[in-house]
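Taking it in order: structure first as structure tokens, then the write-up.
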Amino acid sequence: MIEVRNLTKKYGDKLAVNNISFKVEKGEILGFLGPNGAGKSTTMNMLTGYISSTSGDVLIDGIDILEDPRKAKANIGYLPEIPPIYVDMTVEAYLGFVYDMKKCKLPRKAHLKDVCNLCKIEDVRGRIIKNLSKGYRQRVGLAQALINNPPVLILDEPTVGLDPNQIIEIRTLIKKLGKKHTVILSSHILPEIQAVCDRIIIINKGTVAADGTADEIAKNITNEHKMTLRIEGPTHTADDKRLIADAVRALDGVTYVRADMERERGIYDYDVETDGKTDVRRAINKLCAENGWNILMLQLSDLTLEDIFLKITMDEGIDKSDDKKSKSKPKIEIKTTESGKLRAVQENSEERSETDGSNDNNGGEE
């Protein structure tokens with residue numbers, strides 16, 4: 001239903017989207033993820049024909065979005081992050097306006113009623129949009145995307161501003177729509193993507209960094225296995241926590257251990273990752289038995305979508321705090337020497353430099 005081939009977008013010298021390709025099949029719900037500035041919104045704007053590409057093709061049901069934009073766009077319902085609503089109109093008048101703009105051939109009264117019932121806005125049809133809550137405005141924006149029953153729906157942050165009950169309703173609606181429509185869903189709420197989508201694409205720095213189900217992507221990016229341990233130490237002190245973490249960390253096959261929050265006095269959770277080749281459960285059980293530690297829980301856990309997203313979009317193995325310190329500008333203090341010269345002194349440094357560029361043979365102030 002949607003085919004993207006070698007899509008590229010440049011803004012001057014800046015390469016926003018770099019030669020990406022993917023397909024979305026009919027009836028599939030695709031989660032489209034990426035950090036801010038990754039090229040996600042630019043890609044979605046090109047998919048809808050809102051902006052043109054520098055090179056590459058976007059085909060909607062086989063129709064090129066640039067060669068025949070009118071026909072291609074007739075197959076798309078689009079909800080941008082900021083809904084395209086006219087706040088001085090009533091809901092009914094606005095949806096009627098969209099109906100006319102899309103040249104919809106479906107029975108007007110019955111179709112608009114069905115859309116309003118689907119988006120749960122039937123009770124506010126007569127109200128002016130600017131007087132509605134943000135959640136209702138979002139639902140009006142979703143309703144306009146559904147008018148004319150387009151086969152392709154592209155939804156950018158559809159649950160922004162909704163309360164938890166409304167979010168569940170929209171998730172259910174999207175799943176229902178996915179049975180008859182092809183849906184591309186973008187959201188920063190990762191559990192929402194994991195709950196709704198059949199497949200996930202993560203875009204990072206303008207390229208497709210991952211494509212597949214959450215399980216498939218997790219297997220491709222890491223061979224580690226995670227588990228959560230809940231252990232009670234004998235003395236119920238923080239020393240127990242450090243001792244247990246160090247002992248588990250020393251076991252063969254364990255690659256990472258982090259002591260998490262204290263659940264009860266002296267009872268801590270430990271996040272443990274293994275190399276995926278060694279079953280460490282028996283070794284952990286033996287270790288705890290030998291030291292008189294009580295295992296209250298041992299739970300295997302897969303990588304969450306949040307884990308996957310962070311591993312793909314963030315540089316791992318780099319101490320960000322140290323990196324920031326090394327790149328931060330040093331504080332400079334100007335002092336006057338006994339000879340009357342000005343001296344720039346860098347805080348926390350023994351190096352000194354005089355403003356005339358000469359070296360101080362006396363070694364400077366100490």
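The basis for the numbers below is simple: all heavy atoms, side chains too, and nothing from hydrogens, waters or symmetry mates.
The distance from atom CG of Leu153 to atom OH of Tyr78, rounded to the nearest 0.5 Å, is 13.0 Å. For the atom pair CG (Asn18) and OG1 (Thr8), the distance works out to 6.0 Å, reported to the nearest 0.5 Å. Distance check: Ile2 CD1 to Ile76 CD1 gives 7.0 Å after rounding to the nearest 0.5 Å. Taken to the nearest 0.5 Å, the CG atom of Asp57 stands 4.5 Å off from the CZ atom of Arg5.
Taking the six-membered ring where tryptophan is involved, the planes of Phe32 and Phe22 are tilted, since the angle between them lies from 30° to 60°.
What you find for Pro150 and Ala74 is that their closest heavy atoms are CB-O, 4.4 Å. Minimum heavy-atom separation, Gly34 to His188: O-NE2, 3.8 Å. The two atoms that bring Thr207 and Ile20 nearest to each other are CA-CG2, 3.8 Å, heavy atoms only. Scanning both residues, Glu192 and Thr159, for their nearest heavy atoms gives OE1-OG1, 2.7 Å. Heavy-atom minimum distance, Ala143 versus Leu95: CB-CD2, 4.0 Å. Scanning both residues, Gly39 and Val17, for their nearest heavy atoms gives O-CG2, 3.7 Å.
Residue Val272 is grouped with residue Leu243 when hydrophobic side chains (ILVMFWY) are merged at heavy-atom distances under 4.5 angstrom, including chains of intermediate members. Connection of Leu155 to Ile65 is not established within any shared hydrophobic cluster, with ILVMFWY side chains joined at heavy-atom distances below 4.5 Å, either directly or through further cluster members. When the side chains of ILVMFWY residues are joined at heavy-atom separations under 4.5 Å, either directly or via intervening members, Leu173 and Ile29 end up in a single hydrophobic cluster. Taking hydrophobic clusters as Ile, Leu, Val, Met, Phe, Trp and Tyr residues chained together by side-chain heavy-atom distances below 4.5 Å, Met46 does not share a cluster with Ile82.
Under the 4.5 Å side-chain criterion, counting only non-hydrogen atoms from C-beta, Arg199 is in contact with Asp211. Within the 4.5 Å cutoff, the side chain of Trp293 has no heavy atoms near those of the Leu229 side chain.
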- Message: salt bridge (charged side-chain N to carboxylate O under 4.0 Å, His left out) for Arg281 and Asp279? Distances and angles first, verdict last.
- Response: CA-CA 6 Å; Arg281 291 174 295 176; Asp279 188 345; 2.8 Å; yes
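Side-chain N/O atoms of Asn148 and His111 include no donor and acceptor closer than 3.5 Å. Between the side chains of Asn131 and Tyr136, not a single donor N or O lies within less than 3.5 Å of an accepting N or O.
Counting non-hydrogen atoms of neighbouring residues, nucleotides and ligands closer than 6.0 angstrom, the NZ atom of Lys120 reaches no more than 12 such neighbours. By the neighbour-count criterion of 12 heavy atoms within 6.0 Å, atom CE of Met297 is densely surrounded, having more than that number from other residues, nucleotides or ligands.
The existence of a salt bridge linking Arg125 and Glu122 is confirmed by a sub-4.0 Å separation between a basic side-chain nitrogen and an acidic carboxylate oxygen. Salt-bridge annotation for Asp100 and Arg108: present, with a side-chain N of the basic residue lying under 4.0 Å from a carboxylate O of the acidic one.
Among Arg230, Arg258, Gln299, the single residue meeting the side-chain hydrogen bond (donor to acceptor under 3.5 Å, both in side chains) criterion with Asp269 is Arg230.
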